Amino acid sequence: MTSSLNNTPSVSEALPALPEINANDTPGNPTSTSTSAASHRLRAAVHLLAVLATTPLLLSYVLRQYLRCLRLPWKHASSENPAAEDAGLQRTVLVTGGKMAKSLYIARALWRAGHRVVLVETDKYWCSGSRLSKAVSAFDTVADPRVSADSGDAYLADLQRVFEEHGCDTFLPVSSPFSAHYDAMFLRSKQIKRFDENSVASIKMANDKDEDYITMVSVSSKDDDGTSSTSQRSEIDASALTSEENVDACEMVRECSDGKAAAPTKVTSDKGEDDITAASVSSTDEDSTLHLSTDDENAMTNENHVDACTMVNECTDDYSTAPTKCKVSDSSNEANLSRNMHFMPSVCDIMDDKHSFWEYCTDTLGFPSFNSKDSDGNMLPSHRLSSDAEVLALNQTLRDADAQDKYVLKNLGYDPLHRLDLFCLPADQATVKNYLEKIREDGNGVSEQEPWQAQLFIEKGTELSCFAVLRDSCLKLYTCALSSASQLRYVHTGRDSEDAPADHRNAGHTPPIDEQAAACRRWVDAFCAALRAKGERLDGQLCWDFMCTDGDAVRAFPLECNPRIHSQCAVFGAANGDQKRFGEVLVGSARGEVLVPSMTTDAEAETHFWGWWANEFYSLQDTNHLLRMLEMVHSFLSSMFVLLGLSAKRARPVFQYAKAYDENATWYTSNFSFRDSDFDAEDPLPFLGRNLMQPLVLLWGVLLSGNEWTKYDFCIGKVVEKNGD
């Protein structure tokens with residue numbers, strides 16, 4: 001099956017029906033028993049005590065950091081937004097995902113680049129510590145798209161409300177796995193100025209040479225079944241353009257921009273209103289009109305700085321319908337209008353699905369699938385499994401073939417409960433049946449609606465994660481780091497510059513690791529080149545998990561791809577200006593070489609890894625005296641609950657955090673010291689908010705609900721719970 005990134009699904013296909021979610025439901029048991037709820041509440045209460053007990057430790061850490069910087073709190077930088085190089089280039093950016101550490105990083109990057117940030121999160125996370133940041137001009141809450149079938153529309157409507165209320169002109173989502181699709185829907189449906197529901201929005205553009213007008217018209221209508229449909233046509237003056245002059249819009253854009261990203265433009269109304277970002281096709285049920293809005297529908301001339309090529313890029317899903325014979329406006333206007341950095345819904349769906357991503361790379365981009373017999377190919381073979389019967393059939397096929405290869409089962413949806421299981425086929429049929437029953441009881445069974453994947457398993461290798469920003473499928477920002485299933489430590493890995501002195505590098509950067517990082521970069525470069533060769537023009541953030549083979553012939557195999565920002569963006573530090581340059585790449589012209597973290601200008605780049613204070617603190621269950629004492633208290637109380645009949649069995653330990661025992665995790669602690677990603681001497685409050693206020697409020701919510709939960713994720717900023725987000 002060949003996939004295309006430029007084919008956006010219909011609204012009915014793009015918005016699947018969502019089940020009703022009850023906070024007290026547990027998989028396999030629609031209603032939690034009071035005994036289990038009591039044990040979950042007990043664990044939450046003990047963890048609340050632990051968070052409160054860390055208060056003096058957190059304050060001590062803040063003080064030490066200020067002393068290290070030879071900087072006192074009352075002398076930190078002004079809270080004023082850093083001035084942009086050109087005041088006219090400042091954007092008001094709507095950033096989602098406020099609970100997460102990476103949204104705080106993105107807000108600071110945009111702030112340091114001179115932009116204004118409006119941060120949003122769902123109602124449950126009103127307590128997000130990032131709202132305390134001086135980089136955040138405004139914070140607002142929106143509906144949770146997970147709650148019901150109708151909540152997706154409410155989420156989109158709330159985003160639109162916030163976008164308009166705060167005068168935003170750019171949208172940059174920091175998406176969760178579930179919300180990535182809806183964020184893409186919002187990007188496609190965003191309106192700068194609303195007209196009537198069935199209004200016609202038109203823009204006329206004067207051609208410099210012929211002074212002919214091109215009018216883009218989008219007519220909204222309602223189908224008989226009540227769904228919205230959009231018919232688009234290009235009305236072009238017959239005296240100006242003939243049918244022979246119609247060319248493919250992708251080719252036109254490439255010709256106009258000499259192979260570079262289409263130039264951002266500045267749309268200015270006669271009334272001198274602020275710059276606006278070109279809106280795009282609505283995919284909500286209520287409105288399907290293409291809006292390119294100014295206060296009136298009068299023709300825009302070249303004085304209005306309208307770039308037809310960019311209009312094509314920003315405003316059409318089907319490039320073949322784009323008008324032609326356009327002339328690029330003066331390059332001095334190229335930075336006037338930033339590009340929204342997120343993908344279309346169809347792109348998110350392909351990238352977020354491990355099997356669909358494999359199909360796209362092999363069928364569309366032509367990447368060969370790996371064959372263990374001749375060691376050829378750079379994509380691990382994959383099977384989509386939609387039922388228990390298909391799993392058992394594949395397992396039997398592998399057993400009958402006496403295959404030496406193993407295939408690991410993975411949920412194609414976001415599954416925090418089973419992502420670390422690494423259950424492999426082939427196995428005894430009874431063992432496979434038991435596992436299938438277990439995951440079904442947990443509410444994550446294999447089904448047509450919730451398929452799983454069987455992917456070739458690489459037993460001996462090193463896992464790395466890569467994060468990139470693409471513009472027109474060209475790499476503009478890149479970083480790579482050693483990774484593992486559940487550890488949150490990052491140092492940029494790889495020898496990006498041969499000019500860097502060898503004696504400057506940390507001893508942990510060994511030649512084998514450098515070669516594995518180089519293999520990942522080669523794969524990413526090949527991916528971008530294949531996209532461009534196929535005419536796929538992607539703008540957004542992507543992250544990959546790679547498994548790299550050991551030995552002489554190092555190979556990098558992508559395990560999965562995610563269309564969103566990765567937490568390892570923290571490696572672009574603020575002290576040496578990398579964070580500011582990061583913001584400029586996100587909202588700017590993105591010219592020049594690929595931005596990679598500077599390992600020579602950051603004094604601590606080769607001595608410290610980026611992480612999160614609480615993650616390090618709670619990972620020390622075996623040696624942390626406070627945690628050991630609280631676990632003893634919890635164990636005693638849990639036993640008393642059983643004796644009193646308040647709980648059926650003793651509860652699991654409170655602090656379910658990954659221990660630093662895997663090779664990649666210990667690589668960081670063996671070669672580097674710790675520095676916190678959330679802490680910023682110029683902006684210290686979010687560090688306390690994310691480590692105190694946010695977990696206290698959310699754990700209190702679990703205490704009240706009694707819902708089953710595993711741990712508090714301090715990087716993502718949420719309680720990992722069943723039926724959670």
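Residue numbers run from 1 in the order of the sequence given. Bear in mind the structure is a predicted one, so any value in this text is a computation, not a measurement.
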Apply the test ring pair (Phe, Tyr, Trp, His ring centres under 6.0 Å) to residues Phe572 and Tyr105: give CA-CA distance (whole Å), side-chain angles for both, the deciding distance (0.1 Å), then the verdict.
-> CA-CA 9 Å; Phe572 293 89; Tyr105 179 89; 7.4 Å; no
With a 3.5 Å cut-off and no angle check, do the side chains of Arg384 and Ser356 form a donor-acceptor pair?
-> yes
Between Asn576 and Thr601: side-chain donor-acceptor atoms closer than 3.5 Å | yes
Closest approach of Arg690 to Met100 (non-hydrogen atoms, all atoms of both residues) | NH2-C, 3.7 Å
Tell me yes or no: between the side chains of His181 and Asp352, is some donor less than 3.5 Å from an acceptor?
-> no
Should the ring pair Phe527 and Trp523 be called parallel, tilted or perpendicular, given that the plane angle runs from 0 to 90° and is split at 30 and 60?
-> parallel
Side chains of Lys410 and Gln455: is there a donor and an acceptor less than 3.5 Å apart?
-> yes
Assess the side chains of His566 and Gln541: does a donor N or O sit below 3.5 Å from an acceptor N or O?
-> no
Between Leu482 and Thr493, which heavy-atom pair has the shortest distance, and what is it?
-> N-OG1, 3.8 Å
The single option from Trp358, Phe546, Phe370 passing ring-ring contact (aromatic ring centres under 6.0 Å, His included) against Phe557 = Phe370
Does a side chain donor of either Asp550 or Gln516 reach within less than 3.5 Å of an acceptor in the other side chain?
-> yes
Would you please say whether a donor-acceptor pair under 3.5 Å links the side chains of Ser175 and Asp183?
-> yes
Would you call Asp525 and Arg522 a salt bridge, taking side-chain N to carboxylate O under 4.0 Å as the test?
-> no
Kindly confirm or rule out a cation-pi arrangement of Arg116 over Trp111, judged by NZ or CZ under 6.0 Å from the six-membered ring centre and within 45° of its axis?
-> no
Any side-chain donor-acceptor pair under 3.5 Å between Glu536 and Ser473?
-> no
Working for ring pair (Phe, Tyr, Trp, His ring centres under 6.0 Å), residues Phe672 and Trp667 | CA-CA 8 Å; Phe672 301 88; Trp667 179 81; 5.2 Å; yes
Tyr478 ring centre to Arg521 NZ or CZ under 6.0 Å, with the angle to the axis within 45°?
-> yes
Cut-off 3.5 Å, side chains only: do Ser133 and Asp683 have a donor facing an acceptor?
-> yes
In terms of side-chain heavy atoms, does Ser128 have a donor or acceptor partner in Glu121 at a distance below 3.5 Å?
-> no
